[in-house]
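Letters A, B, ... are given to chains in the order of the sequence lines, protein chains preceding strands, and every chain is numbered from 1.
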Number of protein chains: 2
Amino acid sequence: MGAATTRAHIVEAADRLFYRQGYEHTSFAAIAEAVHISRGNFYYHFKSKDDILSAVIAARLESRRRMLERWEAEETDPADRIRRFVEIVVTNRADIQRYGCPVGTLTTELAKLGHPALDDAGGLFTLFRAWLREQFTQLGHPAQADALAMHVLAFSQGVATLAHAFRDEDFIHREVQRMHEWLSAYSAGALSAAPGDGAQADA
Amino acid sequence: MGAATTRAHIVEAADRLFYRQGYEHTSFAAIAEAVHISRGNFYYHFKSKDDILSAVIAARLESRRRMLERWEAEETDPADRIRRFVEIVVTNRADIQRYGCPVGTLTTELAKLGHPALDDAGGLFTLFRAWLREQFTQLGHPAQADALAMHVLAFSQGVATLAHAFRDEDFIHREVQRMHEWLSAYSAGALSAAPGDGAQADA
DNA sequence: GTCTATACAGGGATAGAC
DNA sequence: GTCTATCCCTGTATAGAC
């Protein structure tokens, strides 16, 4: 097994374990077992546990970037792109109910640990925020775009946290439905019919 | 110093540290330093770290129960009681920006640890959920009361998570304002004017 | 590149003196 | 009730053989 693939396997296994068990709670022994290598061999590929975390965060960032690029290619209407984002909690409902949101839970944990990689992990939130902001701007709401982006992010975090706590799948579907209705007020069709920009669409 | 007060001091310090640093990350040494007792002396008051956690959860439950009872006494209108709940994220904005929501972050951590006290911690969510459900029922929405309660909980979790991640106070105020506007559709005044029950109030 | 053996630190828990 | 001393386990990290 080459070094490159072993390294990739470690990152992959660590990613999954950090998500499911948390970063601090995941030991080298657990990762080693998953990858089928010895503990000592880690240090040929990474110099520390923090180093693995950095690689995991970088991998997640890259993965999410590719996902957003795919959405942009597949959906031409910014409103449809935002709907895609909202649907994440449905698409990933099984994992979310079991482990919560990979972005939110990691950020929260690193913040409590006072871990230096917190800012890097926060980049995941920033990535989604900027992307959503861009979509709302294209929809014709440049002045409120960032606030709207944050609102959609808050939706996803709120749904993920409670779906995780209560293991409630119906709740996810209800909140997504509600979000889609809220979004329809900001889509192109409703916009042309509305006299104002957003204050009214919100009420 | 009597046993009762020492025990209370331990619970108090552990509560604060579990909130700020997380449960697993908080060592006996850290609690001992905060309470100014020796490590060994813990085991006169508690038989294990899990035992301290149980006491902390029980204390939080009792604290929140008293808070809700106070709100019920101070506000006669159920709509005002719900508004009180929504305002939590403003009232506690400093701590929330630094440490997140005490209920959500603890529940998420215990879930990742596979900790047996997870269900007890979930009782905090259940407490708020049942209380909010009761207020919405009194407002005249018995059929949707639970879904509305969950929606308000999701709001608070979403806001807390993002306010924590971005340390953004303006965001908190915007989302609270948005929530108050949404709630106004469910208050007694708007209800009598609306033909339907809730589908419309959401749009 | 991968292994075994091991050093070293930290954390939970116990024993027993005072 | 509180202390000190200590045990034991787990976890990260290193050394060095293969």
Trainee: Can you tell me which nucleotide in dG1(C), dC3(C), dT2(D) comes closest to the side chain of Y44(B)?
Mentor: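 My answer, after comparing the listed nucleotides, is dT2(D).
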Trainee: Are F128(A) and F85(A) near enough that their ring centres are under 6.0 Å apart?
Mentor: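 Distance test on ring centres: under 6.0 Å, yes.
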Trainee: Parallel, tilted or perpendicular, judged at 30° and 60°: which one describes the rings of H151(A) and W182(A)?
Mentor: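 Tilted: the ring planes of H151(A) and W182(A) meet at 30° to 60°.
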Trainee: Look at H36(A) and dT2(C) and indicate whether a side-chain polar atom (N or O) is within less than 4.0 Å of OP1 or OP2.
Mentor: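 Checking dT2(C) against H36(A), no side-chain N or O comes under 4.0 Å of OP1 or OP2.
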Trainee: Using side chain to side chain donor-acceptor pair (under 3.5 Å) as the criterion, list what pairs up with D50(B), not counting sequence neighbours.
Mentor: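 Here the qualifying residues are Y23(B), H115(B).
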Trainee: Between F42(A) (CZ) and dG1(C) (P), how many Å, whole number?
Mentor: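 For the pair F42(A) CZ and dG1(C) P, the rounded distance is 16 Å.
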Trainee: Of the non-hydrogen atoms in H164(A) and R98(A), which two are nearest, and what is the gap between them?
Mentor: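 In this case the closest contact between H164(A) and R98(A) is NE2-O, 3.1 Å.
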Trainee: Would you give a per-nucleotide map of nucleotides 10-18 of chain C, 5' to 3', where B means the base has a protein non-hydrogen atom under 4.0 Å away, S means only the sugar-phosphate does, and - means neither?
Mentor: -SSBB----
Trainee: In whole Å, what is the span from the NE2 atom of H9(A) to the C1' atom of dT2(C)?
Mentor: 16 Å
Trainee: To the nearest Å, give me how far apart CD1 (I37(A)) and C1' (dT2(C)) are.
Mentor: 9 Å
Trainee: Is the phosphate of dT2(C), meaning OP1 or OP2, less than 4.0 Å from a side-chain N or O of T6(A)?
Mentor: yes
Trainee: Anything under 30° is parallel, anything over 60° is perpendicular, the rest tilted; go ahead and classify F136(A) against H141(A).
Mentor: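 Answer is perpendicular, since the angle exceeds 60°.
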Trainee: Is it true that, when you exclude E169(A) itself, more than 12 heavy atoms of the residues, nucleotides or ligands shown sit nearer than 6.0 Å to its CD?
Mentor: yes
